[in-house]
Amino acid sequence: MLYIGVDLGTSAVKLLLMEGNGRIVNIVSKEYPLYFPHPGWSEQKPEDWYEQSIAGIRELIADVDKSQIAGISFGGQMHGLVILDEKDTVIRPAILWNDGRTTEECDYLNNVIGQDKLSAYTANISFTGFTAPKILWVKNKEPENFARIRKIMLPKDYIAYKLTGVHCTDVSDASGMLLFDVKNRCWSKEMCGICGVREEQLAKIYESYETVGTVLPQIAQELGIPGTVKVAAGGGDNAAAAVGTGTVGDGRCNISLGTSGTIFISSDKFGVDKFNALHAFAHADGHYHLMGCMLSAASCNKWWMDEIVGTTDYAGEQAGITDDRLGENHVYFLPYLMGERSPHNDPNARGTFIGMTMDTTRTDMTQAVLEGVAYALRDSLEVAKSLGIRIERTKICGGGAKSPLWKKMIANIMNLKVDVIESEEGPAMGGAMLAAVACGEYASVEEAAEKIVRVVETVEPTPELVEKYEARYQQFKQIYPACRALFEAIK
């Protein structure tokens, strides 16, 4: 049978068609606009997501036996606020994960309601990107729209609704709303009360691998697929990517170098760090995970190359960073171009170069950008270590993972073995695997991962380089605390 994975990203929807044995048949990508109506705001039109998803599915399955399509599932950008009226019409453009307008609402939640209460209710504290502060922003700034809300949804769940007619969400994506009791895998009545939301305005919760329904008859007819095609709930992008890389079960790790950067640690048990520096979320495998998320990762390198250096030859720029330069760079870069989430939770943080001298070269600064992202990811790893979690190796995915140099830096800065997998297709692959589990192709997410995901290369840290980078990291981690008050002053 055939399974469709839908990765609803920030710039495009990526669709993947997979056979039951994990072989990828086809991949299609469709872009849609991103809107910035005010500085620091970021929005998209849910209608664009659906239109391009349907167009993408049609193209994806054009040359296959459509009767073999059995299931569809998702990985999707998290935290976005989609609000529907009584006719299930979109009320306003979706407010996205990287939107920074909710500083006041976050301050209210963290400082007036209190971080201790938020953590007790949801296992997390408020970040500007989360969904609950966005709901409060609509309540405070657009009361006429707030009054019209009948359903509150997340981005990928809007596509699932359009395909099935079911208002649904999954535990991993719901975990990022600050409305979800992660430990008990249910909506938090306390947070609903704080945000002025009724539980019936929220979607029904499913495990990521559970079937929410079958495609509507008109959808089946339009796409030429059976009406029996199951739609599984899917996962938030990072949880779905973790499934796609086999990061399921206890004590597994995945690092993603995408637009944002994450370190994702799966766990059989629920746990929260005392400072809430890491997100404690439900996982798509039926258990839990800790996640550190930095808002700018591979996008830092893209900004540096495209906007500052003025080149698209990323590999050419990295060619000058030879092995003898690793661990020797005196230039540091704070990768906080969009503010920062984990572990600092500081929307005022900014990208910063420090340590330049008259003999600093462009190559030094390119190296600093790559190293800065790796150092910042290590900040989150250190929090996990403080909980007694011991990680020796990690999978890696995302656009930045295509760079051999960056993988070597990650391995040595974090002192982890970095496993490269055969087919790194991120959330789309995870979505297809979740669909296969929902359709009974595999008994569990763990079984699907074990049989489908294959490691083809391991980048090993070397003791000498680990030691050099350890000294550099100890210097790096002093820079943000020294700059924090300045960031606040110049915001």
Do other residues, nucleotides or ligands put more than 12 heavy atoms under 6.0 Å from E447 CD?
yes
Taking only Lys NZ, Arg NE, NH1 and NH2, and the carboxylate oxygens of Asp or Glu, determine whether E488 and R484 approach each other closer than 4.0 Å.
no
Residue set satisfying side chain to side chain donor-acceptor pair (under 3.5 Å) with S119, at least two apart, ordered chain then number -> N276
State whether E207 and R185 are salt-bridged, where the test is any N-O pair (Lys NZ or Arg NE/NH1/NH2 against Asp/Glu carboxylate O) under 4.0 Å.
yes
Does a side-chain N-to-carboxylate-O contact under 4.0 Å join E328 and K468?
yes
Answer yes or no: are there more than 12 heavy-atom neighbours, outside N111 itself, under 6.0 Å from its atom CG?
yes
Is it the case that the side chain of T122 and the backbone of N124 share a donor-acceptor pair, with hydrogens and angles ignored and the cut-off at 3.5 Å?
yes
Pairing residues for F333 by the ring pair (Phe, Tyr, Trp, His ring centres under 6.0 Å) criterion, not counting sequence neighbours
F353
Inspect the contact between K477 and D379 and indicate whether a charged nitrogen and a carboxylate oxygen are less than 4.0 angstrom apart.
no
Using distance alone, with no hydrogens and no angle criterion, decide if S208 and D170 have a side-chain donor and acceptor under 3.5 Å apart.
yes
Under a 3.5 Å threshold, yes or no: a donor from one side chain and an acceptor from the other, between Q474 and Q478?
no
What about the rings of F281 and H289, do their centers lie closer together than 6.0 Å?
yes
What's the separation between atom CG in N329 and atom CD in Q367, rounded to the nearest 0.5 Å?
4.0 Å
Salt-bridged, E425 to K14, with N to O below 4.0 Å?
yes
Is E104 salt-bridged to K141, cutoff N-O under 4.0 Å?
yes
Within 6.0 Å of CZ in R101, more than 12 heavy atoms from elsewhere:
yes
Which residues satisfy the side chain to side chain donor-acceptor pair (under 3.5 Å) test with Y375, sequence neighbours excluded?
none
Parallel, tilted or perpendicular for F130 and H279, by the 30°/60° rule?
tilted
Salt bridge or not for D323 and K408, using N-O below 4.0 Å?
yes
Taking all atoms of both residues into account, what is the closest heavy-atom pair of I152 and M177, and its distance?
CG2-CE, 4.0 Å
For T245 and E424, does a side-chain donor sit closer than 3.5 Å to a side-chain acceptor?
no
Check this for me: does any side-chain nitrogen of one of D364 and R325 sit under 4.0 Å from a carboxylate oxygen of the other?
yes
Do H283 and F264 have their ring centres less than 6.0 Å from each other?
yes
Does a side-chain N-to-carboxylate-O contact under 4.0 Å join E446 and K451?
no
Strictly below 4.0 Å, N to O, side chains only: are D419 and K395 in salt-bridge contact?
no
Where A174 and L154 come nearest, the two heavy atoms and their spacing:
N-CD1, 3.9 Å
Take atom CD in E460; do more than 12 heavy atoms of anything else shown fall under 6.0 Å from it?
yes
State, without any angle test, whether Y336 and D346 hold a side-chain donor-acceptor pair at a distance under 3.5 Å.
no
